[in-house]
Amino acid sequence: MIIDDNTKRTMRRLFRNPLTLIGFILILANLGMVLFAPLIAPYNPEEMHLPDRHTAPCAKYLLGTDFYGRDILSRIIYGSRISFTLGLSVVAGGLLFGTTLGLSAGYFGGRTDSFLMRLTDVFLAFPQLVFAMAIMSVRGQGFGNVVFALTVTGWTAFARLVRAEALSLRGREFVQAAQSLGAGTPRILFRHLLPNLMAPIIVQATMGMATPILTEAALTFLGIGMPPNIPSWGGMLSVDRDFMETAWWSITFPGLAIAMTVLGFNLFGDGLRDALDPKLKS
Amino acid sequence: MNGQRRPLLEVRNLEKHYVLNEGGLFRKKTVLRAVDGISFSVFPGETLGLVGESGCGKTTAGKCILRLIEPTAGSMEMEGEDITRASFARMREVRKKIQFIFQDPYSSLNPRMTVGQIVGEPFAIHGICSGVERRKRIERLVDRVGLSAESCGRYPHEFSGGQRQRIGIARALALNPKLVVCDEPVSALDVSIQSQVLNLMMELQRELGMAYLFISHGLAAVKHISKRVGVMYLGKIVELAETEALFSSPLHPYTEALLSAIPVPDPEIARERIILEGDVPSPVHPPSGCRFHNRCRYAMPVCRETEPEWKDAGGGHFVACHLR
């Protein structure tokens, strides 16, 4: 992307809102954990310190230990890798599939549009969690399967958004201008429609990171997401859910990690949407 | 006088009907007749004005010529070649010869492309020249419409309406077209800018010799620039003549009414203003016979029943009216 005056102005507007900055810092913190997990984690996340089971937060274990005596801080740091890569993969998949479908529906219109949008409606009619559970119970635990289940249920938001935007752009005269010059469909789609769709797509992608993180946590909590030996936030909640009263830290901190990450993406997404809204441009 | 020359563009019985609903067991099919059989020719290097109220189908007609809208019936010939059903590949070649200038300079330029990219897009699409050569040609075009060469690196939103329309004109001229369809190119601009842009267009025509099909809702703007003028009403052309003849002796009552609406800058001159009664009828249910009969002050019984013929009243002055 070209860094022009427009982009600079958008960046300035973006961070004028303190909430956006908080969101950005939360995402950065998350990214830091993802990239530097082996360097900052005090323990091996899978190492069990059996004599120290359910130790409250102290100098040795900053956030305490879980039922098997594993360090909660280390598990949260490593668990961020699952959440983040999963969010990215699901968003990338949904973006690719949803944008292709939405763009085709919006640009070609007519029967193509009706068919693709009814297909989208079918997928929207299922509650996401239940649909994902059904897929997981057929395919079994594992990262790839979680990505598959969440992509299959999560692309509809992109398709509908892109279709609506493409529909309104198609009526703009610059598209007709390109046609009158002799431009073919690929050129109109990729040079004229897509660049003008980037702003809403970026916003949707940022906000869309939150949903798969939450759903993965829910699936793993229910025992049909990630396998139990891999440190993931949903899995941590699942292991210690019976000890909520006696070992509050073993539930609270993983829960906070999920909440903060989701909050970060939502706040930043909101800020992005406001900053990229053309109506605010002066 | 145009008789011996071959027309550049010849449009015959062009129709564009929009089906509003397909109809069914108890519903009648409703069809909007945006353009309902119009014929005209444009000769090389001339300007043909096409005038009418909003909604009369003039823009639709203009867009049909470039096949931006697919016509329902009729035929169009560009330099003798039938382009009504031409394939996409054929049309691509034809589009080098016909270009379009849009009404709204704000929505007709892609906000994510620089001026250089916009003006250079015709070259990119048709694979004409590249690199330094292309940049030079773009700069020459931009300069020709009165913008500086450094505008090429800037985005459309940094320009005023008049400047944006100049960018649109530069884009339309890139391929050296023989015909430019101008869809109300100045009506979205401030009055002070309108004449500047019109003058630029006339200068360019003198220099490059292309023909204009100039679509407008006001006779006044068209008088300045056109050699001949066609007047449209409800999807039909009702009168077509040399500009002078049309303004000095209009034959159709509708043209007469339009002319009387042009303000005269001299308060001493008393003029009879013909106020048309009622609104333009809906193109879904056009009146029977002559479409203008319910608003015409000369209407006769025959006007209600039979559609007037399109006839030559002498000297290339065409009209469709029972009075003549």
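Residue numbering restarts at 1 for every chain, and letters A, B, ... go by the order of the sequence lines.
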Check: Side chain, backbone, both or neither: which part of K63(B) has a heavy atom under 4.5 Å from chain A?
Finding: side chain
Checklist line | Heavy-atom contact with chain A under 4.5 Å, split by part of L66(B) | finding: side chain
Note to self: Please determine whether a side-chain nitrogen of the Lys or Arg among R187(A) and E121(B) lies less than 4.0 Å from a carboxylate oxygen of the Asp or Glu.
What the structure shows: yes
Next item on the list: Pick whichever of G171(A), G184(A), A177(A) has the most heavy-atom pairs under 4.5 Å with chain B.
Entry: A177(A)
Next item on the list: Sort R172(A) into side chain, backbone, both or neither according to what part of it lies under 4.5 angstrom from a heavy atom of chain B.
Entry: both
Checklist line | Nearest heavy atoms of I125(B) and A178(A), plus distance in Å | finding: CD1-O, 4.2 Å
Next item on the list: Can you see which heavy atom on L68(B) is nearest to which on S180(A), and at what distance?
Entry: CD2-N, 3.7 Å
Next item on the list: Using a 4.5 Å cut-off on heavy atoms from C-beta on, say whether the side chain of R191(A) contacts that of Q117(B).
Entry: yes
Margin query: To the closest 0.5 Å, what do you measure between CZ (R112(B)) and CG (L194(A))?
Written below: 11.0 Å
Checklist line | Interatomic distance, Q179(A) atom CD to R67(B) atom CZ [nearest 0.5 angstrom] | finding: 11.5 Å
Margin query: Using a 4.5 angstrom heavy-atom cutoff, name the option from F102(B), F100(B), Y106(B) with the most pairs to chain A.
Written below: F102(B)
Check: Counting only heavy atoms not in F36(A), do more than 12 fall under 6.0 Å of its CZ?
Finding: no
Notebook entry, point to check: CZ of R164(B): more than 12 outside heavy atoms within 6.0 angstrom?
Noted result: yes
